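Heads up: the structure comes next, in structure tokens.
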There are 2 protein chains.
Amino acid sequence: MSEGVSAGGGLRERKKKATRAALVEAAVRLAAEHGVEHVTVDAISAAAGVSTRTFFNYFDSRDEVFVMIGADSGDRVRRAVLAAPRDRSPLDALREALASELEEIERHQELWHLHAEVLRGAPQLLARSLGAHMADELGLAETLAERIGGGSPLFTPERPAFSTPADQERRRALGLYPRLLAAVGTTAVRVAVEHWCVRQGETGFADVFRETFEHLAAGLPAPAPAPDAPAS
Amino acid sequence: MSEGVSAGGGLRERKKKATRAALVEAAVRLAAEHGVEHVTVDAISAAAGVSTRTFFNYFDSRDEVFVMIGADSGDRVRRAVLAAPRDRSPLDALREALASELEEIERHQELWHLHAEVLRGAPQLLARSLGAHMADELGLAETLAERIGGGSPLFTPERPAFSTPADQERRRALGLYPRLLAAVGTTAVRVAVEHWCVRQGETGFADVFRETFEHLAAGLPAPAPAPDAPAS
DNA sequence: AAGCAAAAATGCAGAGTCTGCAAAAATATA
DNA sequence: TATATTTTTGCAGACTCTGCATTTTTGCTT
């Protein structure tokens, strides 16, 4: 009615965002309670107050709804990579971009923690989640190439999918190094998160993250023997 | 009857292997002809001469049949890692193990080429294929830990799944470095293969592979400017 | 060779996922 | 208020996948 809304576009877009969020939240809550495998699209849709059909207007598959947190992380990371000081090496620029994004995430810890809890029983989804959304490899590779190369007019933010038909062409235009850096960086984040998840409480995430990228920057040399259990 | 078979176990196991192979081959052929998306389990089963239900006795999901080539690569890589000369760094040991496995694969090029052709239109499956079977990250990480640490009695070959319930425990016992090395190595192979696939004919795969691991060993420093298109 | 037990294949029912399509409801605009 | 656009919804239908009971095949013993 006479509601004076301040931010956001039209009512339509706000409603869409709300529905999307409602579906994600319902999915996560139900999964936390009953286990991911036992949550049907029907249940999620009902809990969110929309029809089953509408669910599939928002997500391409059932799994996708469990993976949609941090869907905009990719963009933020890429912007941060481009905005990094010029004296940073590509790896450093990427590391710092990822680090600040992860800090951002830690701020919403409650939600992420619930997600982590849910995905604990479904590592396949965890991997997919992190791999798919944290950095969107192809887009990230393009951004890295742009930063390294100079002023290519690429940028292309807000790229959702990663395997569209003519993406092959985008891949062709890229060198090996940007793709490798994007892939390895993403992988490193995944490993760090997994390692930290599995030993929650023992170490702060920041430490794990730092150590991970130190290994990378050093060229992955054999590490010093374990501190508390030195081999014979 | 009075058939004098030489190799292989009983008839039973041979038949199972044959059925498995028939299903994989039928799937690949049908996919090559009609596109992966349009190949139903019914069609695959019919082409292989078994019932639809039987298909699911062999594969957990439809997609799995497109990904089952190289299912035993993981084991070979792990054995090679353990057998590597003692003076190799972990990264070198892994690189050499992966390299010989990839040579092995190139020997079966026809089959793999057909697969590659099929998966060209389904990069998601390609990624899954390589990621899931080339090295089985968790198992590989354990093997690397064993090689580095000394004589832990692990080994655990022939590990099929990667997200079983109590796998968490296996993960806990591992250090960050072996997991990172396994993950990054696997990722590097994936990137090398993808890059090479996308520019087939321009370079030999061996070159791409070598360059990839040189980047890793050097700590991913900013690369020299492109040879044919130097930035301003 | 006949018989028996284990293993595998099969059919079938049923739950669940996902896609078009056309009608209905909601929203934006004039 | 009237109209155009977008979104939601219901429905039919194809497909994936699972559990269970039954039939067929295989391996081994007598």
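Lettering of chains follows the sequences in order, A, B, ..., and the numbering in each one begins at 1. Please read these numbers as outputs of a predicted model, since none were measured by experiment.
When DNA chain C is scanned 5' to 3' for any atom under 4.0 Å from a heavy atom of chain A, the first and last hits are C:dG16 to C:dA28.
Every residue was checked against the side-chain hydrogen bond (donor to acceptor under 3.5 Å, both in side chains) condition with A:Arg20, not counting sequence neighbours, and none meets it. For A:Asn57, the side-chain hydrogen bond (donor to acceptor under 3.5 Å, both in side chains) partners two or more places apart in sequence, or in a different chain, are A:Arg53. With sequence neighbours excluded, the residues that form a side chain to side chain contact (heavy atoms under 4.5 Å, CB included) with B:Pro90 are A:Ala222, B:Ile148, B:Tyr177, B:Leu181. Not a single side chain to side chain contact (heavy atoms under 4.5 Å, CB included) links A:Ala21 to another residue, sequence neighbours left out. Considering only residues two or more places apart in sequence or on other chains, B:Ser51 meets the side-chain hydrogen bond (donor to acceptor under 3.5 Å, both in side chains) condition with B:Thr54. Partners of B:Glu104 under the salt bridge (Lys or Arg N to Asp or Glu O under 4.0 Å) rule, at least two apart in sequence or in another chain, are B:Arg107. With sequence neighbours left out, A:Ala188 forms a side chain to side chain contact (heavy atoms under 4.5 Å, CB included) with A:Thr212, A:Phe213, A:Leu216, B:Leu180. The side-chain hydrogen bond (donor to acceptor under 3.5 Å, both in side chains) search around B:Thr52 returns B:Asp42, not counting sequence neighbours. In terms of the side chain to side chain contact (heavy atoms under 4.5 Å, CB included) criterion, residue partners of B:Ala80 (sequence neighbours excluded) are, by chain and number, B:Ala97.
For A:Arg62 and D:dC15, the CZ to C1' distance is 16 Å, given to the nearest whole Å. Atom CZ in B:Phe66 sits roughly 13 Å away from atom C1' in D:dT16 (whole-Å rounding). Rounded to an integer number of Å, the gap from A:Lys15 NZ to D:dT8 C1' is 10 Å. The distance between atom NZ of A:Lys16 and atom P of D:dT9, rounded to the nearest whole Å, is 13 Å.
Between the side chains of A:Glu101 and A:Ser73, a donor-acceptor pair is found at a separation under 3.5 Å.
Looking at residues 41-60 of chain A, you'll see A:Val50, A:Ser51, A:Arg53, A:Thr54, A:Asn57, A:Tyr58 sit with a heavy atom under 4.0 Å from some atom of DNA chain D. A heavy-atom distance below 4.0 Å to DNA chain C is reached by none of the residues of residues 21-35 of chain B.
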